[in-house]
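Please read these numbers as outputs of a predicted model, since none were measured by experiment. Residue numbers start from 1 in every chain, and the chains themselves are labelled A, B, ... in the order their sequence lines are given, proteins ahead of strands.
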Number of protein chains: 4
Amino acid sequence: MITQTDAPEQASGRPRDGRIDEAVLRATAELLVEVGYADLTWAKVASRAGTTRPALYRRWPSLAHLVHEAAFPQSLTAPFPRTGDPATDVRTMVAGALGAFAHPVARAAAPGLVAAVTADPTLHSALLARFSEALGGIEQPLLDLIAGAALFALLLHPGDLDAEPTRTAWTDRITALLTEGVTA
Amino acid sequence: MITQTDAPEQASGRPRDGRIDEAVLRATAELLVEVGYADLTWAKVASRAGTTRPALYRRWPSLAHLVHEAAFPQSLTAPFPRTGDPATDVRTMVAGALGAFAHPVARAAAPGLVAAVTADPTLHSALLARFSEALGGIEQPLLDLIAGAALFALLLHPGDLDAEPTRTAWTDRITALLTEGVTA
Amino acid sequence: MITQTDAPEQASGRPRDGRIDEAVLRATAELLVEVGYADLTWAKVASRAGTTRPALYRRWPSLAHLVHEAAFPQSLTAPFPRTGDPATDVRTMVAGALGAFAHPVARAAAPGLVAAVTADPTLHSALLARFSEALGGIEQPLLDLIAGAALFALLLHPGDLDAEPTRTAWTDRITALLTEGVTA
Amino acid sequence: MITQTDAPEQASGRPRDGRIDEAVLRATAELLVEVGYADLTWAKVASRAGTTRPALYRRWPSLAHLVHEAAFPQSLTAPFPRTGDPATDVRTMVAGALGAFAHPVARAAAPGLVAAVTADPTLHSALLARFSEALGGIEQPLLDLIAGAALFALLLHPGDLDAEPTRTAWTDRITALLTEGVTA
DNA sequence: CGGTAAACGAGACGGTACGTCTAGTCTTCCT
DNA sequence: AGGAAGACTAGACGTACCGTCTCGTTTACCG
């Protein structure tokens, strides 16, 4: 939850209504899939969640922050078990990255978030924090390759990653390239 | 040049003023660097180019189309010479991808274009056409890895790719991973 | 007509749509009577006139300016004929002031305009200009007495000036006080 | 004091803090002069008085009620001594009306109250009650003339009533008109 | 002396209006 | 016909206020 004030802090004043937070996140996820990031507005989210725009402004500093929280809940950002075998672990990571980005909500959100992250340092930090747990211990260039490939593929030829024969083929080929290199 | 009507079109009536096209592309490139994609508007471009919004609408179907043309002129999308040696060619491609994305204008434009591409099929086609020449003959998964890694790295830790010791180090490591695999 | 630019100025660009001006003034007058000054908003006026808020902002610098123009059209602010006989002329002026302020639209607008005038010098000037023609040649204190009495009476005991026996009685008494003084 | 419930009310529960009432009235008077009626808000008053908005809502039903109480304390609404001589008494009343409206706080409050009175019957009653004592026994048309003239003059040409030669001149002329009539 | 009731501060609640901005289109005159 | 200028509809933006509410706490009176 991205609150203006991060500390749990002894609540003074009327407490936030937690049901609003839930309803808004749910509405955001639904709308991302239905209308896409580009046509997502504060007003639509507020209306769908049964609340008003000011209540959203109180909670999230920008639409992108809200989207980022709605698209990548904790369940998707849990760390994965590692075996120690490079080939196995790389395949797990590739499949994991693909799975995270291929989720309908994340997929609708990702391109817009990519653009927003470059323009907003606070969003950059929020995203890093959200994924740091899942990705601890992986060297940066390898992470760039795996996450970048999944993201790029979904942007440029999403059809290949939707249906099954080609999806596994792509995962296999990426894994092979990363474990054995192009020379093989 | 992306015109509403692609045919060479028999010029009837007053011909377009070519100097406007140039001035607009120059203005767009400058503004991308100065204010960023998110704050780029038709009005700012028109004002900087010394013309009016309707003249721009006559030429480009959307801001993204204009940006894509301003950010990736032909000079950046030329094919590269190949040696046949995998290691050498991979390094050339990695460096090329990094170079293309690291150019200040492209860098400002890329994230926004990524978002726009997913929402506009005509822009998707235009981008593919623009890069198809340079990238002919490369297998898709390898392209995903190289371009994706460059894009992703620029989004997440741009500092590493700006200055020199780390930039070459990153290029080296990516090349090594792609030619020899993680096992090495 | 209160335009941002008062000069008739050789129109460059698309000219204003005069039908919008008319529709807005009509809508404003109607709404003043129906909902009152306090509940009059740009949005309601625009909606009733079949146009949008930006079209109004282009024409009037504030709601009060629009109201002032809608409530006191030229027809109400024409100069009156004078006979030279003090008693007759004073009665004409008293009845005229009462008539101008008692008109349903003016009556709904007046109290709000009174408040707005003190806070906005440009509105002050606009109001003076609008009435200067009708009231030329009358000494200031006499004008204060006549207009002030009509305004004050409408604010404090409007019932007396609505129906007929009392309305004429009030006009007679005011005229008598001003022509003969309290001593009579 | 305008309380929600007028009865002296059997005090059960924690009693009101009288210091808050004083601080609020003082803060309101100051703010009226500093920012004007139009920009006066509950929040500014509460903040200046060192309290919170709910404490104000508990005491006054509307901002206008609070303003009316802050701008016209009892000291200003005391009855005046009458001599029986019309000329003298009229002059006293004119000067009194001018004095009451010319006080900086009253002056800032009056135009806004004029507007609020027409929209709120309870405020209308409250104002009448406040002034009834001072003005008992004066015929309504004469009161309209005197109070109306003072109010109107302050709205339209306030400069004339601020400095001294013109202020006395205005008072003299109004008195003359009311005692002898225009014919003189 | 404990219970009750209403005050207190703090701040979120649903609403509504504001004034501005942008997109995309259209209309006018001029070249 | 294209260009320059500027108005058009439509609607999102972020902010400000309103009047109400929900807390946790404090202060009086009452039994």
Rounded to the Å, how far apart are [X] [atom1] and [N] [atom2]?
{"X": "R19(D)", "N": "dT27(F)", "atom1": "CZ", "atom2": "P", "value": "10 Å"}
{"X": "R59(C)", "N": "dG6(F)", "atom1": "CZ", "atom2": "P", "value": "15 Å"}
{"X": "D120(A)", "N": "dG14(F)", "atom1": "CG", "atom2": "P", "value": "12 Å"}
{"X": "R14(A)", "N": "dT22(F)", "atom1": "CZ", "atom2": "C1'", "value": "5 Å"}
{"X": "D21(C)", "N": "dC8(F)", "atom1": "CG", "atom2": "C1'", "value": "13 Å"}
{"X": "L66(A)", "N": "dA12(F)", "atom1": "CG", "atom2": "C1'", "value": "16 Å"}
{"X": "Y57(C)", "N": "dA17(E)", "atom1": "OH", "atom2": "C1'", "value": "8 Å"}

Flag, side chain of S47(D) to backbone of A43(D), donor-acceptor distance under 3.5 Å: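 Judged by distance alone, no pair lies under 3.5 Å.
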Say whether, by atom type as modelled, one donor and one acceptor occur between the side chain of R130(C) and the main chain of F72(C) under 3.5 angstrom.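 Checking the backbone N and O of F72(C) against the side chain of R130(C), a donor-acceptor pair under 3.5 Å is found.
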How do I20(B) and S62(D) order along DNA chain F: which one's closest nucleotide is nearer the 5' end?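 Nearest-nucleotide comparison on DNA chain F picks I20(B).
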Name the residue closer to the 5' end of DNA chain F, choosing between T52(C) and R53(A) according to the nucleotide with the nearest heavy atom.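 Looking at DNA chain F, the more 5' nearest nucleotide goes with T52(C).
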Residue-phosphate contact under 4.0 Å: R58(B) side-chain N/O, dG3(F) OP1/OP2: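 Yes, within the criterion.
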Tell me every residue that passes salt bridge (Lys or Arg N to Asp or Glu O under 4.0 Å) with D17(D), counting only those two or more places apart in sequence or in another chain.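 Residues passing salt bridge (Lys or Arg N to Asp or Glu O under 4.0 Å) with D17(D): R19(D).
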Need to verify one output field. Residue with the more 5' nearest nucleotide on DNA chain E, A43(C) or T51(A)?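 The answer here is T51(A).
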Please tell me which of K44(B) and G50(A) maps to the more 5' nucleotide of DNA chain E, matching each residue to the nucleotide holding its nearest heavy atom.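 Mapping each residue to its closest nucleotide by heavy atoms, the 5'-most match is G50(A).
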Say you draw a straight line from OG of S62(C) to OH of Y57(C); how long is it, rounded to the nearest 0.5 Å?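 Interatomic distance, S62(C) OG to Y57(C) OH, rounded to 0.5 Å: 10.5 Å.
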Using the side-chain hydrogen bond (donor to acceptor under 3.5 Å, both in side chains) rule, pick out the option among H68(D), H65(D), E69(D) that qualifies with W60(D).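 For W60(D), the side-chain hydrogen bond (donor to acceptor under 3.5 Å, both in side chains) check succeeds only for E69(D).
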Going by heavy atoms closer than 4.0 Å, what residues in residues 26-42 of chain B are next to DNA chain E?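 When residues 26-42 of chain B is checked for heavy atoms under 4.0 Å from DNA chain E, the hits, listed by number, are T41(B), W42(B).
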R26(C) vs E30(C) side-chain heavy atoms within contact, under 4.5 Å: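 Side chain of R26(C) against side chain of E30(C), heavy atoms only: contact under 4.5 Å found.
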Regarding K44(B) and E34(B), does a basic nitrogen lie under 4.0 Å from an acidic carboxylate oxygen?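 No, K44(B) and E34(B) are not salt-bridged.
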